[in-house]
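Note sheet for the following structure.
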Amino acid sequence: MPAVPRKILLNPGPATTTEGVKAALVVADICPREQEFVRLLDQVRDDLVRIAGGDPETHTCVLLAGSGTAAMDAVLNSVVPPDGGVVVINNGAYGQRLAEIARCYQLPLYELTFPWGQWPELSLLRETLHAHPRISHLAVVHHETSTGLLNPLPAIAALARDHGVSLIVDAISSLGGVPVNIHTDAIDYLLSTSNKCLQGMPGLAWVICRREGLEESRQIPRRSYYLNLYQQYRHFEANGQMQFTPPVQVVYALAQAIREFWEEGADNRFRRYRRNWEILMDGLRDLGFRILLPLERQSPLLTTVLEPDDPNYNFDRLHNALYEKGFTIYPGKLQDSATFRLATIGAISEADIKDFLDALKAVLQAEGITIPLSYSL
Ligand SMILES: Cc1ncc(COP(=O)(O)O)c(C=O)c1O
């Protein structure tokens, strides 16, 4: 394969991939009904269960063709029974999306809304679970990529367990990047995707859960033709295939990304991400940048940076100049403050982060922005 220019993506996925993952996309054409492909799917699904801390004997991975939102949609429409109900913790854009999906399917919804970047009030969650015995599920985003907030999963999981409620965790931007484990975190349904901390290509999403839970969900009236977890599971069980056309090459790339994940080792990957984030934090502080979240709520995966008050500062110009130099930064999502986001996930190294900080400083200087930066408040 001819060399592909390397770009450093500091947007929160699709993340920077290795040469190995890019090369894995180029394979001999194959019909996805062939046994060779069925074996690949089997391997990928079992590996994903193991990455989430599960055992393929008791747990399964229902792969779906689609982006992360497909997994959010599928789990909610497939597992919440009509006489049950779902509590959604909404403290960011993806918690909000979970609630929107629940509304779309007219599921009995108990939405607990908190300011973006704040942890949920656990007393309110406890009261809600206590007051509504029909609630069968609790859905929360592990890492709110809209702000960089890590939700307090152990405390939330304990409340779900105490109330006999199944826990749905969107680990779309955390699985593979920080520790998350279906057993220690008592997760019943864990959602993730190929193109974030696992460093594969976009196009696959999945739900990891107990096989028994899926068997039980077959009683629930089917609310979606395409994104039904039980139907997809049934196909995998019957013949190892996806129900509809899989993104074949993306599966090969994910298989390679998983091989690289095992080679690096989960702990080493967590350490690399944390180290990259720490270097970024030090560099941002030296330039005078402020960040949105206090460190106890901040993930080592994505940082929301407050925009400085310098009259010469303009996000689009900063973005464009950095893009020219091979670095992609990402706009903020907050309505009430001017921010931008820097993700430190993907196949990037300490040297890449240092190069980025040098490039950032050079662009700020070229734009006539005073360093250290200033904030009026
Ligand atoms: C936590 C989280 N959930 C859900 C999604 C939605 O994924 P997608 O944009 O791939 O549909 C994202 C995307 O960034 C995310 O970060």
Side-chain angles (χ1 to χ4, degrees), residues 10-13 88-98 112-126 139-159 169-175 177-180 184-185 196-197 270-310 313 315 318 329-345 350 353 356-357 360 364 371-377:
L10 302 174
N11 52 295
V88 171
I89 294 177
N90 171 357
N91 59 346
Y94 297 104
Q96 186 173 309
R97 185 172 303 178
L98 285 168
L112 300 182
T113 306
F114 305 96
W116 286 25
Q118 298 285 340
W119 277 331
E121 259 177 65
L122 295 178
S123 55
L124 195 62
L125 176 58
R126 187 181 299 109
V140 64
V141 176
H142 182 206
H143 175 229
E144 250 305 344
T145 328
S146 50
T147 55
L149 170 116
L150 267 184
N151 267 315
L153 209 46
I156 293 170
L159 283 177
V169 174
D170 170 344
I172 284 173
S173 64
S174 57
L175 183 70
V178 288
V180 50
T184 49
D185 296 312
K196 294 196 194 278
C197 304
F270 304 153
R271 267 197 288 277
R272 173 166 63 85
Y273 279 16
R274 174 161 281 278
R275 185 77 196 117
N276 287 348
W277 172 76
E278 284 168 352
I279 293 170
L280 180 71
M281 286 296 95
D282 288 346
L284 290 178
R285 206 174 305 116
D286 288 348
L287 291 170
F289 277 108
R290 292 188 191 166
I291 66 169
L292 176 75
L293 295 179
L295 291 182
E296 73 265 19
R297 278 183 255 144
Q298 170 66 55
S299 79
L301 304 169
L302 177 135
T303 308
T304 296
V305 182
L306 302 177
E307 298 196 317
D309 289 319
D310 195 293
Y313 175 87
F315 174 78
L318 183 67
I329 64 170
Y330 207 59
K333 241 184 191 304
L334 288 140
Q335 312 257 303
D336 52 359
S337 38
T339 59
F340 66 92
R341 286 177 291 169
L342 298 174
T344 34
I345 64 176
E350 286 183 27
I353 300 291
F356 166 69
L357 288 163
L360 178 60
L364 292 171
I371 297 172
L373 302 159
S374 59
Y375 289 86
S376 55
L377 287 177

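Reckoned from all heavy atoms, side chains included, excluding hydrogens, waters and symmetry mates.
Between the side chain of Lys196 and the backbone N or O of Ile345, no donor-acceptor pair lies under 3.5 Å. One N or O on the side chain of Arg341 and one on the backbone of Thr145 form a donor-acceptor pair closer than 3.5 Å. A donor-acceptor contact shorter than 3.5 Å links the side chain of Tyr375 to the backbone of Leu306. Between the side chain of Trp119 and the backbone N or O of Leu149 there is no donor-acceptor pair closer than 3.5 Å.
With a 4.5 Å cut-off on side-chain heavy atoms, Val178 and Pro300 count as touching. In this structure, the side chains of Leu357 and Leu280 come closer than 4.5 Å at one or more pairs of heavy atoms. Side-chain contact between Ile329 and Phe315: present, with at least one pair of heavy atoms (C-beta onward) separated by less than 4.5 Å. Looking only at side-chain heavy atoms (C-beta outward), Asn91 and Glu144 come within less than 4.5 Å of each other. In this structure the side chain of Asn151 never reaches within 4.5 angstrom of the side chain of Leu153, judged on heavy atoms. Between Leu360 and Leu318 the shortest side-chain heavy-atom distance falls below 4.5 Å. Looking at heavy atoms from C-beta onward, Pro12 lies in side-chain contact with Leu302 at the 4.5 angstrom threshold. Using a 4.5 Å heavy-atom cutoff, the side chains of Ile156 and Val169 are not in contact.
By the 6.0 Å contact criterion, OH on Tyr330 is open, its count of non-hydrogen atoms from other residues, nucleotides or ligands being 12 or less.
Put simply, CZ on Arg297 and CG on Leu292 are 8.5 Å apart, with the number rounded to the nearest 0.5 Å. Annotation: the span from Lys333 atom NZ to Gln335 atom CD amounts to 9.5 Å, rounded to 0.5 Å. Here the CZ atom belonging to Phe114 is positioned 5.0 Å from the CG atom belonging to Leu112, to the nearest 0.5 angstrom. To the nearest 0.5 Å, the span separating CD on Glu350 from CG on Asn276 amounts to 6.0 Å. Here the straight-line distance linking atom CG of Leu124 with atom CD1 of Ile89 works out to 9.5 Å at 0.5 Å rounding. Summarising the geometry, atom CG belonging to Asp170 is positioned 10.5 Å from atom NE2 belonging to His143; distances are rounded to the nearest 0.5 Å.
Heavy atoms only, all atoms of each residue included: Gly92 and Ser146 are closest at CA-OG, 3.6 Å. Residues Tyr273 and Cys197 approach most closely at OH-O, 3.3 Å, considering heavy atoms. Nearest approach of Thr304 to Thr147, heavy atoms of both residues: OG1-O, 2.7 Å. Here the closest heavy-atom approach between residue Gly117 and residue Leu293 is recorded as O-CD2, 3.5 Å. Closest heavy-atom contact between Leu301 and Ser174: CD1-CA, 4.1 Å. Counting all heavy atoms, side chain and backbone alike, Leu150 lies closest to Ser299 at CG-CB, 3.6 Å.
Tyr94 is linked by a ring-ring contact (aromatic ring centres under 6.0 Å, His included) to nothing, counting only residues two or more places apart in sequence or in another chain. Shown here are the side chain to side chain donor-acceptor pair (under 3.5 Å) partners of Tyr313, two or more places apart in sequence or in another chain: Glu307. Shown here are the side chain to side chain donor-acceptor pair (under 3.5 Å) partners of Thr344, two or more places apart in sequence or in another chain: there are none.
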Could you go through the side-chain contact (heavy atoms from CB on, under 4.5 Å) check for Leu287 and Leu364 one step at a time? CA-CA 9 Å; Leu287 291 170; Leu364 292 171; 4.2 Å; yes
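Side-chain atoms of Ser374 and Asp309 form no donor-acceptor pair, as typed in the model, at a separation below 3.5 Å. Looking at Thr303 and Trp277, their side chains do bring a donor and an acceptor atom within 3.5 Å of each other.
For the side chain to side chain contact (heavy atoms under 4.5 Å, CB included) test with Leu284, the passing option among Ile279, Val305, Leu373 is Val305; the others fail.
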